[in-house]
Amino acid sequence: DIRKVEGKGRCVFSTKSYRPGDLIMQCDPVVAALNQSEYGKLCNSCFKASDTNLLRCSSCKQMYYCSRSCQKRDWDEGHSKECAAISRFESKSSPTPSIMLLSRLVPRIQSNDSKGDMDLIDGLISHREDLDEDKQQTFGQMSLMFEAFIQRMKNPLEIDPASTFDLLAKMSCNNFNISDEEMRPIGVGLYPKAAMINHSCDPNCVAIFQGKTVFIRAIEDIPVDTEITTSYIEVADSFLVRKKALKDTFHFTCQCQKCQNPVQDEELEGTKEEVDDSIKMNLEKMENFALNISDTKEQVAKLEEIFKFKNRILKRYNRDRCQTIITLMAKYVQLENWERALLSSQELVFLYQFYYKKNWPLLGLEYFFLGKLQKFQGNFREAFLAFREAHKILSVTHRDTKLLFQLEEFLRECQME
């Protein structure tokens with residue numbers, strides 16, 4: 001049920017009660033584009049990986065497909081027009097996701113294709129008047145880039161720069177970041193129906209993607225006549241970080257209960273001693289320097305040195321400390337240092353239990369990863385316990401996904417050991 005609420009605009013309310021895991025909404029994007037880093041890894045049409053080699057477009061040599069049917073579908077949905085422009089693109093890489101979205105969206109708007117979706121897009125708010133000078137300049141430059149891009153398209157479009165600017169502004173605050181089943185970002189898409197669901201830092205639903213289809217599922221009991229909410233940002237961050245992220249990108253201030261009473265912030269930003277801004281800046285510079293070291297072992301040695309210092313001055317739940325653990329764990333996996341990776345994952349599970357509510361997908365995924373590390377090292381009982389905790393959460397958030405089927409297979413294997 002969509003209603004207008006004073007001070008919030010359009011809101012989506014439940015017309016019946018929902019249990020954790022229930023599907024609230026499922027929809028495909030009007031337009032979507034892979035991140036450039038995923039080209040050649042995932043299909044440009046369905047956004048899924050393939051067990052066989054991907055097929056490359058023989059003309060632009062940039063787009064890849066898992067099957068002939070996906071290739072034909074993408075050709076019909078817009079690649080036939082943009083292919084020539086991509087092959088003539090000035091840089092040797094593919095155009096940015098924003099340019100790719102516009103190249104698909106503008107022709108559909110002009111042809112009035114999928115009228116219901118177009119009406120919803122027309123109703124999205126651009127917040128043009130709220131854009132700062134830097135954002136206006138960025139969107140202006142992107143409009144010029146798009147204009148240059150479409151001139152290379154087959155049957156170039158006539159466009160209005162002001163309309164393009166408006167579309168960019170709408171997309172910036174209404175697009176969804178598409179992620180794979182492990183919540184890694186892979187692309188962006190415009191989902192005007194799902195975009196009507198408002199934000200809360202304490203949401204009752206999550207958005208999970210299979211390919212480029214979004215599934216909005218309940219993560220807690222939702223009574224009838226309750227507003228449906230998801231989170232647009234990282235909910236584990238402190239109030240001030242969340243407030244800035246929402247204001248900068250979405251142009252509003254959240255009024256949820258968690259923001260009204262930010263009781264966790266003392267821990268999320270907590271220090272064991274007084275830490276001034278110069279120390280924070282130096283730590284950031286040191287970490288950036290470490291990440292630019294080419295040798296991974298040297299990288300890890302430097303990061304561990306930084307982490308020891310952070311451990312001395314930061315409280316355990318401090319978000320900056322947590323981020324360093326995440327970075328180190330990825331490096332330990334890269335070096336196949338499974339013992340250190342295991343210790344890092346155990347610490348992350350402990351932290352995530354504090355940061356997130358009961359059925360939050362990142363907590364479930366970390367339990368799953370911890371279980372895989374335990375299983376790899378032959379600790380089958382510990383692996384089973386981690387997989388069991390992961391299943392409690394992911395059976396809610398990732399229902400009917402390949403990831404959940406894999407988790408259930410691991411559970412069975414551990415039971416047999």
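Because the structure is predicted, anything quoted here is derived from the model rather than measured.
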Can you see which heavy atom on Val188 is nearest to which on Pro97, and at what distance?
CG2-CB, 3.7 Å
With Lys375 as the cation and Phe410 as the aromatic partner, state whether NZ or CZ is under 6.0 Å from the six-membered ring centre and within 45° of the axis.
yes
Does anything in residues 276-301 form a salt bridge (charged side-chain N to carboxylate O under 4.0 Å, His left out)? List the pairs, not counting sequence neighbours.
Glu287-Lys310
What residues, two or more places apart in sequence or in another chain, satisfy ring pair (Phe, Tyr, Trp, His ring centres under 6.0 Å) together with Phe239?
none
Please list, chain by chain and in numerical order, all residues satisfying salt bridge (charged side-chain N to carboxylate O under 4.0 Å, His left out) with Glu82, sequence neighbours excluded.
Arg104
Could you work out, with salt bridge (charged side-chain N to carboxylate O under 4.0 Å, His left out) as the rule, every residue matching Asp265, not counting sequence neighbours?
none
Between Gln353 and Tyr367, does any side-chain donor sit less than 3.5 Å from a side-chain acceptor?
yes
Please check: side-chain N/O of Lys258 versus main-chain N/O of Ser200, any donor-acceptor pairing under 3.5 Å?
no
Scan side-chain atoms only and decide if Glu366 and Ser345 contain a donor-acceptor pair under the 3.5 Å cut-off.
yes
Quick one: list whatever passes side-chain hydrogen bond (donor to acceptor under 3.5 Å, both in side chains) with Glu347, sequence neighbours left out.
Arg316, Arg321
Under the rule for side chain to side chain contact (heavy atoms under 4.5 Å, CB included), what residues qualify as partners of Asp180, not counting sequence neighbours?
Glu182, Arg184, Ile186
Of all the heavy-atom pairs spanning Asn198 and Cys11, show the shortest one and how long it is.
ND2-SG, 3.1 Å
Write out all pairs satisfying side chain to side chain donor-acceptor pair (under 3.5 Å) with one or both partners inside residues 10-26, taking only residues at least two apart or from two chains.
Arg19-Asp221
Residues passing the salt bridge (charged side-chain N to carboxylate O under 4.0 Å, His left out) test with Glu382, sequence neighbours excluded, are none
Return the orientation label for the Tyr355 and Tyr352 ring planes: parallel under 30°, perpendicular over 60°, tilted otherwise.
tilted
Could you tell me which residues satisfy ring pair (Phe, Tyr, Trp, His ring centres under 6.0 Å) with Phe165, sequence neighbours excluded, listed by chain and number?
Phe139
Flag for Gln71-Arg68: side-chain donor and acceptor within less than 3.5 Å
yes
Side chains of Gln210 and Glu181: any donor to acceptor distance under 3.5 Å?
no
With Tyr232 via ring pair (Phe, Tyr, Trp, His ring centres under 6.0 Å) - residues at least two apart:
His199, Phe250
In plain terms, say whether Lys308 and Glu305 are close enough for a salt bridge, that is, a side-chain N and a carboxylate O under 4.0 Å apart.
no
For residues 237-248, which residue pairs pass the side chain to side chain donor-acceptor pair (under 3.5 Å) check, not counting sequence neighbours?
Asp237-Arg319, Ser238-Glu269, Lys244-Asp248
Asn261 side chain to Val263 backbone, donor-acceptor under 3.5 Å
no
The complete set of ring pair (Phe, Tyr, Trp, His ring centres under 6.0 Å) pairs with one or both residues in residues 269-320, sequence neighbours excluded, reads Tyr317-Phe350, Tyr317-Phe354
